[in-house]
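Written out below as structure tokens is the structure these notes cover.
We use all heavy atoms of the structure for the numbers below, so side chains are in, but hydrogens, waters and symmetry mates are not.
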Amino acid sequence: MTSKDDLVPCCPARLVLDRIGDKWSVLIVLTLGEGPKRFSELRETLHHVTPKVLTHTLRGRERDGLLTRTVFAEVLSLRKAHDAHSAATTVS
């Protein structure tokens, strides 16, 4: 049931839904709940997401503090892993 307070733009519930209410954010957070994943692993898991949308969504959730990105130096390429666990522990 919706109360009048939920419709106010500064309501805490509304602020949370504005951050994670879109389709891809919810799926990304659920997927990263299993542990860190590379960008390509996320794309494989989320089948229909385009690289542009995935990048945009990951950057937004990183900016919000919901996940962190770690870049690993490797000989052939840079390895980027996104992790929702470490961000959750640093936010609280």
Less than 3.5 Å apart, which donor and acceptor atoms pair up between the side chains of residues 53-60 and the rest of the protein, not counting sequence neighbours?
{"residue": "Thr55", "atom": "OG1", "partner": "Pro51", "partner atom": "O", "Å": "2.9"}
{"residue": "Thr57", "atom": "OG1", "partner": "Val53", "partner atom": "O", "Å": "2.8"}

For residues 22-33, tabulate all N or O donor-acceptor pairs below 3.5 Å that involve a side-chain atom, not counting sequence neighbours.
{"residue": "Asp22", "atom": "OD1", "partner": "Ser25", "partner atom": "OG", "Å": "2.8"}
{"residue": "Asp22", "atom": "OD2", "partner": "Trp24", "partner atom": "N", "Å": "3.3"}
{"residue": "Asp22", "atom": "OD2", "partner": "Ser25", "partner atom": "N", "Å": "3.1"}
{"residue": "Asp22", "atom": "OD2", "partner": "Ser25", "partner atom": "OG", "Å": "3.3"}
{"residue": "Ser25", "atom": "OG", "partner": "Arg61", "partner atom": "NH1", "Å": "2.7"}
{"residue": "Thr31", "atom": "OG1", "partner": "Leu27", "partner atom": "O", "Å": "2.8"}

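Atom OG1 of Thr45 is separated from atom NE2 of His47 by 7.0 Å, given to the nearest 0.5 angstrom.
Here the shortest heavy-atom pairing between Lys37 and Leu42 reads CB-CG, 4.0 Å.
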